[in-house]
Amino acid sequence: MRSWTPCLAAAALLAGLHAPAAWAEPVADIHALASAEQAPLLDTLRELVGIESGSKDPQGLAQLAALIRDRLVQLGGQVRLIQSEDVYRMEDTPPRQGAMVHAEFKGQGSKKIMLIAHMDTVYLRGMLKDQPFRIDGDRAYGLAILDDKQGVALILHTVAMLQKLGFRDYDTLTVLINGDEEISSPASRSTITRMAADQDAVFSFEGGGDSGNLRLATSGIGSAYLTVEGRASHAGAAPEKGVNALVELSHQILQLSDLSKPAEGLTLHWTVSQAGTNRNVIPARASAQADARALRLADFDALQATLQQRVKTQRLPEAKVGLHFEIRRPPLEATPASRSLGDRAVAIYRELGLPLKVLEKATGGGTDAAFAFVKARGPVIEGFGLSGSGSHSNNAEYVKLDSIVPRLYLATRLVMDVASGKAP
């Protein structure tokens with residue numbers, strides 16, 4: 001028994017009569033509802049921005065998780081908070097991570113679809129006063145409004161639109177909002193991967209950038225940690241009795257600085273270093289960190305092997321050199337299924353008279369869509385969020401108001417198309 005409204009069913013029938021140019025015009029019911037949903041979405045954004053929720057702010061994250069949970073309950077979802085015990089600990093992983101908000105909406109179809117976003121931010125408590133929610137012209141500003149509170153708001157209002165349309169032709173519509181994305185998702189990555197493995201499609205609601213692009217690929221992110229243990233001595237009176245950790249570290253960085261392969265999407269850049277305590281002391285310890293990016297997991301494996309082999313060549317044999325490599329995020333890779341779904345998204349945007357670019361080449365950033373991709377059986381697409389700019393900035397983060405209606409329309413239509421078998 002189809003659950004579309006009569007007007008929507010009529011629109012679908014009318015569109016079908018004009019194949020292959022189906023859906024050549026916006027579906028009136030859905031477009032009108034998306035337009036009506038803009039003001040409520042901005043109210044939601046005001047609420048979300050008003051709660052500071054840094055990745056290492058348990059109180060703020062708990063407050064925001066409760067708000068999102070209550071909203072999803074009001075929409076009719078089966079909702080729970082997940083505090084994961086399966087934590088992938090990295091160098092900067094805090095003792096406690098924010099909970100995930102998980103909701104399921106049961107339908108009467110056969111397809112499973114998952115919508116993901118994150119509620120944590122890079123900002124410290126107290127910074128909201130410098131970036132309160134405000135609307136200025138065609139932009140809405142606010143702390144973490146683009147990254148990623150707009151994504152949370154879009155998911156809430158996409159679900160609300162589906163409910164108002166009476167659309168339940170999916171098996172399960174899953175929502176997962178995590179609270180640790182900005183610190184590489186140590187507690188949520190395994191849950192995202194596990195849940196995404198059973199989905200027919202996963203939509204991730206990070207911002208679409210200034211141009212509103214969808215992304216089929218994102219870079220994997222890795223970190224290399226280099227440590228050197230030497231021996232301290234007086235730099236003036238007895239330098240020969242020391243083992244200069246800074247000299248060995250410098251040697252190592254130089255011999256590890258040519259491993260990037262930009263044409264293949266592999267980069268390694270040494271970005272942080274520390275050594276010494278006093279000007280007149282031969283340093284006993286030194287360390288450095290590098291940022292790594294790759295388009296394939298195999299490239300990270302090869303890079304790690306090369307790093308471990310090269311550090312065996314030392315300038316100072318008495319120094320102890322250690323190297324640790326961690327994969328903070330795997331890459332998201334384009335697939336035939338994600339390309340096909342991306343084409344469908346382009347066609348939906350065309351109904352609105354708008355262009356939409358779907359990018360197949362990663363641009364350097366990594367997101368939770370990659371964790372969804374690890375064991376995914378269906379397409380995973382990133383960038384369903386609003387257009388905007390200024391992420392992680394002191395006072396300039398914003399979203400474009402004119403992207404709200406198109407994005408609500410796109411997400412709603414694409415969920416409906418996947419659920420009803422019109423898209424992969």
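If you read the sequence from its start, that first residue is 1, and numbering goes on from there.
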| field | Arg328 vs Ser184, side chain to side chain donor-acceptor pair (under 3.5 Å): CA-CA, chis, key distance, verdict | value | CA-CA 6 Å; Arg328 302 184 69 91; Ser184 300; 3.0 Å; yes

| query | Please, which pairs that meet side-chain hydrogen bond (donor to acceptor under 3.5 Å, both in side chains) have at least one residue in residues 264-275, sequence neighbours excluded? | reply | none

Minimum side-chain heavy-atom gap [X]-[Y] below 4.5 Å:
X: Leu216; Y: Leu214; value: no
X: Val175; Y: Val101; value: no
X: Glu248; Y: His251; value: yes
X: Leu81; Y: Arg69; value: yes
X: Thr313; Y: Gln255; value: yes
X: Leu156; Y: Leu72; value: yes
X: Met416; Y: Ile30; value: yes

| query | Excluding sequence neighbours, so at least two apart, what forms ring-ring contact (aromatic ring centres under 6.0 Å, His included) with Tyr349? | reply |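 Here no residue qualifies.
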
| query | Do Tyr170 and Phe105 have their ring centres less than 6.0 Å from each other? | reply |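 No: the rings miss the under 6.0 Å criterion.
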
| note | Here the gap from Leu341 atom CG to Ile381 atom CD1, rounded to the nearest 0.5 Å, amounts to 4.0 Å

Which pair of heavy atoms, one from [X] and one from [Y], lies closest together, and at what distance?
X: Pro406; Y: Leu354; value: CG-CD1, 3.7 Å
X: Asp57; Y: Gly60; value: OD1-N, 3.1 Å
X: Ala217; Y: Glu360; value: CB-O, 3.2 Å

| request: For His118 and Asp180, run side chain to side chain donor-acceptor pair (under 3.5 Å): C-alpha distance rounded to whole Å, both residues' side-chain angles, the deciding distance at 0.1 Å, then the answer. | output: CA-CA 7 Å; His118 68 91; Asp180 59 350; over 6 Å; no

| request: Carefully, step by step, assess Glu326 and Tyr225 under the rule side chain to side chain donor-acceptor pair (under 3.5 Å). | output: CA-CA 9 Å; Glu326 61 188 22; Tyr225 299 89; 2.9 Å; yes

| query | Would you find a donor on one side and an acceptor on the other, under 3.5 Å apart, between the side chain of Asp120 and the backbone of Glu182? | reply |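 Here the side-chain-to-backbone pair exists.
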
Charged N to carboxylate O under 4.0 angstrom, [X] versus [Y]?
X: Lys400; Y: Asp402; answer: no
X: Arg189; Y: Asp86; answer: no
X: Glu37; Y: Lys164; answer: yes

| message | Testing the 3.5 Å rule here: is there a donor-acceptor pair between the side chains of Lys149 and Thr121? | response | no

| Do you see a donor-acceptor pair shorter than 3.5 Å between the side chains of Thr367 and Glu382? | yes

| message | Below 30° counts as parallel, above 60° as perpendicular, anything between as tilted: where do the rings of Tyr409 and His31 land? | response | perpendicular

| said: Strictly by ring-ring contact (aromatic ring centres under 6.0 Å, His included), give each pair with a member in residues 139-161 just once, sequence neighbours left out. | reply: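 Those involving residues 139-161 are Tyr141-Tyr398.
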
